[in-house]
Structure formats: C-alpha cells, structure tokens
Amino acid sequence: MFANKKVFYNLMVLLIVAAFLVGCGPQEAAEPTEEEAPPEEVATPIEAWAAEVHAQHEGTKLRVSAATHPSIEAFKAMTPRFEELTGIDVVWDEMEEGAHGQKMLLEATSGTTSYDVIMNCPERLPNLADLGYLEPLDSWLNNTPDWFDNDDILLAYREMLAYEDVNYGVPFAGETVFLFYRKDLFDKYDVEVPTTFDEVMETAEFFHGKEDGLSGVSFRCRSGWEFTYEWSIFIFPFGGLMVDPATGKPGLNNSGTVDSLEYMIELSQYAPVGIESYSFPEAWDAFMQGKAAMMIEASAAAPEVENPDSSVVAGKVGYAPMPAGPAGAYSGVWGWGFSMTVGSENKDAAWAFITYMTGKATHQEYIENGGIVSRASMLSDPKQQAQYSYYQAILETLKQAADLQKQGLGVVLMIPEWSEISEIMGTEGSRAFAGEITAQEAADSMQAQVEEVFSR
Amino acid sequence: MINWNKLRKRLGGGALNVITLIAVLLFLFPYLFMVTSAFKSRQETFAYPPVWIFRPTLEHFRSILADLDIMFYMKNSTIVAVASTLLTMLIAIPATYSFARYKFPFKEPIAYGFLFLQMVPGISMVFSLFYIARRLQLYDTYLFLVVCYLLWNVPYAIWMLRGFIEAIPVALEESAMVDGCSRFRAFLLITLPLMAGGLAATAILIFIGVWNEFALAFFLTSTQSRTMPTTIAFFMTHAGIKWGPMFATATLGTLPVVVFALLVRKYFISALTFGAVKG
Amino acid sequence: MPGALLTYRLPNVPIQDMKMRGFLSRSQRSKVVPYVLIVPAFAVVFVLAVFSVFWLIRMSLVQWTFGVEWQEAAWVGLDNFQWLLFSEHSTFRDSVGLTTVYVAGTLIPELVIGFGLALLLNRQIIGRSVYTAILIIPIVVMPSMVGLVWRLYFSYDGLVNFFVETFFGVKPNWYGAELALPAVMLVDIWEWTPFFVLILLAGLQALPREPYDAALVDGASNWQLFRHITLPLMAPLVLTATILRFMDILRIFAVIFVMFGGGPGDATTTLPIYIYKATLVARNVGRGSAVSVMLIIIIVTLTFLLVRLLERAKFEM
C-alpha cells in the first residue's frame, strides 16, 4: 500500500509538471508577428490592394497544405508580412512530399476538404481535377491586380497546371532537371563538361574514387515515384517511350526504354554506395557535402547547393543543360503551384493569398528567401543571371523540354492512372536497379502491368 | 573441492559479468548516440569516423522549439495519449470485472473474440477511417484518434487487467458484501486499490503505445491534432535530411516516455509479466 | 482462459451467482449484469473491428482506383485475390516470403538472445536493476524516430559501418537490396529483445527452488538442470511472450516505412508495406484491401494455432 501511494503521488507530480510544460508552450502554429513600422511614403500598389483585402477579409483563417520545398520555406518567411497587411491568418500544414500526395488524394476522394489552398503538381492534377476537388482558375486569372502579371510566369509552367484546357493552378516553382558539376574539380583535372551521355559515363568513371570519398555522380533512385522521376529523364534521350503518342499504347518495353534503364544501372556504379535507397534529400546531400563530382537532379536543388550554410560546395558548382543521348537531348518540366479547393469557404481570401505569394511584385523577395524562380523576367534579367549562375541552365533545359513536348512526349502522363503507372515503373525499375531482375525483365513486366491498367 | 568451485564461480562470474555489461551497453548505445547527436553541428553528424568528443550546441533544440513549434505537437501527443488511456480504462475495467467475477454463457468465446478482433493492422484501416472521419466531420480531431485507438487498447487492457483482478481473492469482496457493502462499493473500495499496481502498469503500457503510434496518426491528422511521431515528415527536406533538428525532436519526443517508464519501471515490468514478478 | 494464458499462476475460481440488492430479482440481475458491464467495451471494439473488416472485404471485391465514387466501383469478385496469388506480375508471394523471413529472422534471435541475457541477469550481480532499467529504453522509443535514426546509422558512412569496419574490416552497403532487409531486422532485434529479456527474467526469478535443489543433490550438471528443469518450466512463458510479439510483428509498419519505404526495389516490402503501397501509393484500393484481408486471415490463423500450442504446453506441464 505504501509503495503504491508513493508511486501514485510521483505520477501525479509528473503529470502536473507535464501539464505545466505543455500548457506554457506556444499555442497556434502560425501567429502574426510584430514587424517594424511600415515606411511612411505613399502606399505602394500592393499595400493599397492589401488594405482593400484587409477591409474585406480581416480575421479569415486560411488553411494551406504544402509539401516541404524550398519555395514553401520562402513563402513561410513571407507570411508574417502578408498576415500583417491583410489581416488574414495563414495556417500551414507541411509534410513530406509523398505523404502530401496521398493526403490530397484521400481528401479529394472523400468529398470534403480541410484546406483552402493546396500545393499541386502536374502528376496529381488529373486525379484531383476529375474528382472535382479543384476550383477552375480561369475566371480568377482574369481578375488579378496589375502587379501580378500572369504572362510573366513561364509558359511551360502555366501549361503544366492546365488539364483538359482548364487552368487549375498558379505555378510558383517550376523545375527542370539539369547537370550539376563541380567546376573546381573539373578545372583541377582539366575535364570538359560532358555533352553526351557517353561522356557522362566516362567522366563519372574518371572521378569515381579520384579523391578520398568522391563518387562520380549522384541522383535519386528510391523505389517508387522517385525512381520514376529520375528515370524519366533518361528514357527519352535513348529513344524510349512511356506511351507511344501515335498509338496511345504503352511502349515501355521498346529497346530505347530498356537501354535507358541499363544505362542508369551502369551509371550507378559510379555513384555513392547505397544509392539504391537514396531519396532526393540524400542525393542532394551527397553532392552538397562534396561527395560527388556531378549530379543529375532537379533544378530545385540549386538554391540549396549555393547556400553556404548547408553546402560545402557553394560557389564551386557549374550548371549545364542535359547531355544528349542517341535520340537527342531532352529535359522535363515538373513543378508546383497553388490550387484552390472547390469546397473552400474563403475563396476570395485564398485568391488574395495566391496572388500575393506568386505575384511579380513579391518575386524578388521570394527568391531572396530561397524560392525557386518561375518568372521569365527574372530568368532573363542579366543581373539575376550573374547572381544566380543556374538561370542559364534553366532556360536551356526549358528549351530541351519544349523539344520533347513537340514530339508529343512528356515526363509526366497527364492521365488519372499516372500514380499507379508511376508506382509500377518505379517499383520494377528499382528492382532492376537493385539487381533483383534484369532491365529487360523489368521492362516487360512494366509493359504487361501498364497494359492491364489501360485495359480497365 | 569447494575452493575450486568458488574460484571457478568467481572467475566465470567475472567473465559473464563483462559479457552482460557489454550486451546491455549494446542496447543503450544507439539511444545514447542519438541523444548526444542532438547536440552536434551538422558537419559533425556526418563525420566518419563518428565524432565522440565535440562542443555541444543547443541550436537544434532552439530551432525546433521556436521554428517548428514542437511544443504544439507534444501537447497534442499528451492530450491524445492521456485521453486514450483514461477512456480505455473506463471502458475496460467493468468488462474485465465481468470476466473475472462472473460466469455466463459465451464468456470464453467473447473473451477470445476481443483478442482476435483487435488483430486488424492499423495501416489497413487508414483508408476507411479517413473516409469515415471526413463524412462525420471528425477528421483531424483528438476525439477521432482516441476512439480509433480504442480498438486495440481496450482488448489489450482487458487482457492484462483480468490477470490482476483474478489474483485478488474474491473472499475479500465477499466479506465486505456480507458486511453490507454493495458489489460496486466493494469493488471500488477494496479490489481497485489492491489492483493499483496492475492499473498503473496497464495504463503505462497503453499510454506509451498511443504516444508512439504512427500509422493512424500520420494519415488521420493534419494541422490541429498532429502528434509527435508524425513530425519526422518535417525533416526530409530539400536541404537534405535535417538530422540535427530530427535528433533533437527524437530526443524530446522519446525522453519523456523513457524517463516516465524508468520512474515507474517496477510497474512497467510487472505489466510485461502480468504479475509474475512478486511485489 | 486468456487470463490463465498469461499469468504464471493458476487463477482463482470465480464465485457464481452473487446476490445483489435492488429492484430486479436477484437471479435476473445476476444474469444481466455481466453482459451490461461488457457492453461498452464490446460495442466499441466490435463496431470498429467489424466495420473495418467488413469494409475491407467489401473493397477487396471491387476494382477501384479513385476517380469515381466508391459505390460505383466495378465489381470484380475474387479477381483481386486471383491476381495477387497467381499472376506472374504479382509480387504478393514475394512479399509473403519476405514477411516470413522477417518474422523468423527476428523472433528466433530475439528469443535466443533474450533468454540468454535473461539467464545472465538472473545471477546475483550488482546493478541488475540498472540493467533492467536500461533495457526498457529500446522498447519505449518511438518507432518512427527509431526508423529515421537507424537509417542514418546504416548509411555507408554511418555508425554501424564504423564498428563493422573496425572489427571485421569490411564496409557493407546496407542500403542495397541484399542487406536492406537484414538491416531492418537488426533494428527490430535491437528494439524488442529487451521485451523478451524482461519477461523471461521475471519468469526465471519466479521459478521454484525445489526441483533444482533436488536435482543438485542427485548430482546434475548445469546443462542438465537447464535442459530438464528450466526449459520445461519456462515453456509456457516463452510461448506467451512469443504470441504477444507475433501478433504485433506481422503488422509492423512504421520502422520499415521510414527506413526504406519498401525498397530498394522490393527488398523490404513486407505485407503491411505492400498494403500501404497498393492502397495509398498505387491507389488500387481493391488490391490493397484484398491483401489486408489475407493478412488478417494469416494473423488470426497463426495466432490461433500458437494459442492452441500454448494450451497444450500448459496442459502437459
């Protein structure tokens, strides 16, 4: 009895202490912070606009769903000022990309929504649009403030968020894939920047093990959508196909596709050990910690690579467009944008949020906070180009992506079944990559499974 | 002869003691390393060979407390875990009493039924539960999580508490009732206090189970009721995996439970062993 | 009775027909009360479980990949099951194989090491309470955090390779297809061996002295003592602990998901991960539900068999 009592009291004390600790913590996720007094000059157009919004929507709570991404970091940094100007309270729900996609799909299927604004990408757009989850934005886009300038956003990015001729999203971060390389190492060993995939293989072989802990090349290939993402870059330069645009049938086991897979497998021997399980953070980390001489990865990595706080190679990196394979040099366009949900009750406030965050007037601030550039004016501005050395590569790879699209091909199939197909490709491809099966077997298996998906 | 044995025992004991020490340290070490890594700078985390001596930094803890608002998630975890435990005990205790003290038809099938009903894997239920939650407007609420956890917690609690109740002689209750107590009062005033150890033990295990639960919490919560285990999602970012803040969060998330379990370890162990340990 | 399964001693015999005061007749009330007490628990568990299982079965019989309301999904009967079990492109059988390897590869080492460590701790050593306290830690640490932490440890330049290289001179690639599953299994062993240690230690400490004294008088060796006295007496507890662990191990999701997500390739796609990939990633809910149904059947059947085994062991004691 005695021992019981003592422990009981101990427990009570602990619980009370815990309650105190918990109760004293900050409450809500995002609260408006105090800012310096706004400048005394005449209100800028944005401030005037914001004052109107403030009058109408002060106190509205906006729920935004996002996946972790450099641009989201930038937006979060810009949020306090937005909240102060407009009186709208922004609540961010941020999570890992894969989980985010699943959440969005689950939401859309169940017919109700807990978000006003969501982060969206072309891979998920068909599903979400078909389920009636997304608000068509064409009418909203006709009604934007002057400082927004929709046409300034790169056309390729705007197109990727349109489905069946309806606009569903405002892009804020487009990305392509290009080649990152260590200028310092290339200069040291007097190596030329590779322009074909064969040269990439040679260069990777050359650098692999050249210095302590150095690998030739780094890229993501974790089983699933990540593998598909990376592999889709290799497919087309080798003449491979996902779906034949002429027939509409899957072409995953044509020789070009198999070649691309085999190439990737061969290339992986010059990659850091353990690459089979690398997610993109790990692939980027390998390059940023100086463990790889090259990286074939998303342009979204570039700002971090140039960030001296997280990257030891900042300032030593060169950027090149995608090398050419036997069938040409291509890149792909992916990206992210904001969409509004049909079920939102705060659409005006949501639209205010979207325009503020993606508008031309705030684009400079957005980039300075680490956001990914998505506007033509920024990309072609020579001053910007001098400061951000990868802008040139982005422009060039956008051209390469356009070349691909001219042939009716794309790195993402804008159909509702894409997620299942991407998973099939990503799993079978990863199995070949890990050595469980051969590339040909993987391609055949994929072909059969995708044919089955199409036939439903 | 006896001296030989004693000598062998001492030497043999020595060697075995060392082995025991090493074995136990093997279990402790990964956790210790994790906690100490929370104080390392980013470069030191990646260093190979690993860095053993370093100057500690509190930067990661500062960043998760301020930027990530980790206390919010701790609060959520606490609320969900405490509510789960209380609700589970409230529901399970009467049922256990019934199993332990009464005899009625279908008693054993029902008891086994509980055991088998809770074998549904959590991940299988995510999709259907998500759907229900949205329809009932209960998505992302504490209530829904707590109710869902009941499916596993209640059978578990019944199962464990039954042994504890049965270990208390019925004669005690009977004598109280002979003296004029109602059954309920007898239970409340005599049996329950005697079971306190078992109650505490069960409550602890349930609390820890809910605190650590991942699959349901991950998919059924969004902004308002996210719990600690789901915070790992924040660390797989564009800037590489943020190991520093991750270790700090892991430390903060697991340390309360570890400390708690250590404080009440007598009950924790008896929970695991259903009273096979005396006292 | 479940209580008997899990306590080390036999339970008291409960009293029949207790008399109670109140307005229902005594015998009436005593018949109703036990059920009344169970109702809340039963209602909650039954509703949740039956609903889930029913829904899973219902969904496993349709072809549904999002895009339409679930009521309109095409009915395909047992096609999903057929595809999973027999199609040449199905990796379901591989997943079952992987799960089997996982279960055997963790339960057996955990049991053996656990028993060994329990025996070691059963001796008169100083600091035993500190050791048992330390051993609690791996059990209570959050699985999702554990997964992420061990992911770093198993990286090529991680903690594990540091020791492996120091002691064995090789630096294996744990992220590769051959070693990913062993890596995950090692984490499980780290996490749950203490579970066995603590339970078995308690059991060892509750063993009666008399058989040992008697055997020692007869001149038995240590090994004989172990084999003929300790093992048989501990058998029911060992089985009980195994059953407890077994039920959970077939449902493990968090650690594997965080560490490898089922990859590389299919190397760590155990059944729960398979369900996750099918339902939430490939979004083929019909298929995912079918796998869930089969997994539940497997868990229930095997646990049932194990429990029967346990009852027989107790009976023979």
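Keep in mind it's a predicted model, so treat the numbers as computed, not measured. Quick note on labels: first sequence line is chain A, next is B, and so on, each numbered from 1.
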Practice task
Quick one: closest heavy-atom pair of Pro264(C) and Glu436(A), and the distance?
Solution key: O-OE2, 3.9 Å
Exercise for the section: Select one option (side chain, backbone, both, neither) describing which atoms of Asp94(C) are under 4.5 Å from chain A's heavy atoms. Expected result: side chain
Practice task
To the nearest 0.5 angstrom, please state how far the OG atom of Ser90(C) sits from the CD atom of Gln449(A).
Solution key: 8.5 Å
Exercise for the section: Heavy atoms only: give me the nearest Arg431(A)-Thr91(C) pair and the separation to one decimal. Expected result: NH1-CG2, 3.7 Å
Problem - Phe54(C), CZ atom: more than 12 neighbouring heavy atoms under 6.0 Å - result: no
Problem - Basic-acidic side-chain contact under 4.0 Å: Arg287(C), Glu423(A) - result: no
Handout entry: Under 4.5 Å from a heavy atom of chain A, the part of Tyr276(C) involved
Key = side chain
Completion exercise
Residues Trp83(C) and Glu452(A): closest non-hydrogen pair is NE1-OE1, 3.9 Å
Exercise for the section: Report yes if some heavy atom in the side chain of Arg151(C) is under 4.5 Å from a heavy atom in the side chain of Ser279(A); otherwise report no. Expected result: yes
Handout entry: Validation row: Ser223(A), Lys277(C) side chains within 4.5 angstrom (heavy atoms)
Key = yes
Practice task
Flag the pair Val273(A) / Lys171(C) as yes when at least one side-chain heavy-atom distance between them is below 4.5 Å, and no otherwise.
Solution key: no
Practice task
State the OH-OG distance between Tyr156(C) and Ser277(A), to the nearest 0.5 angstrom.
Solution key: 14.5 Å
Exercise for the section: Indicate the atoms forming the closest heavy-atom contact of Glu276(A) with Tyr175(C), along with that distance. Expected result: CB-O, 3.9 Å
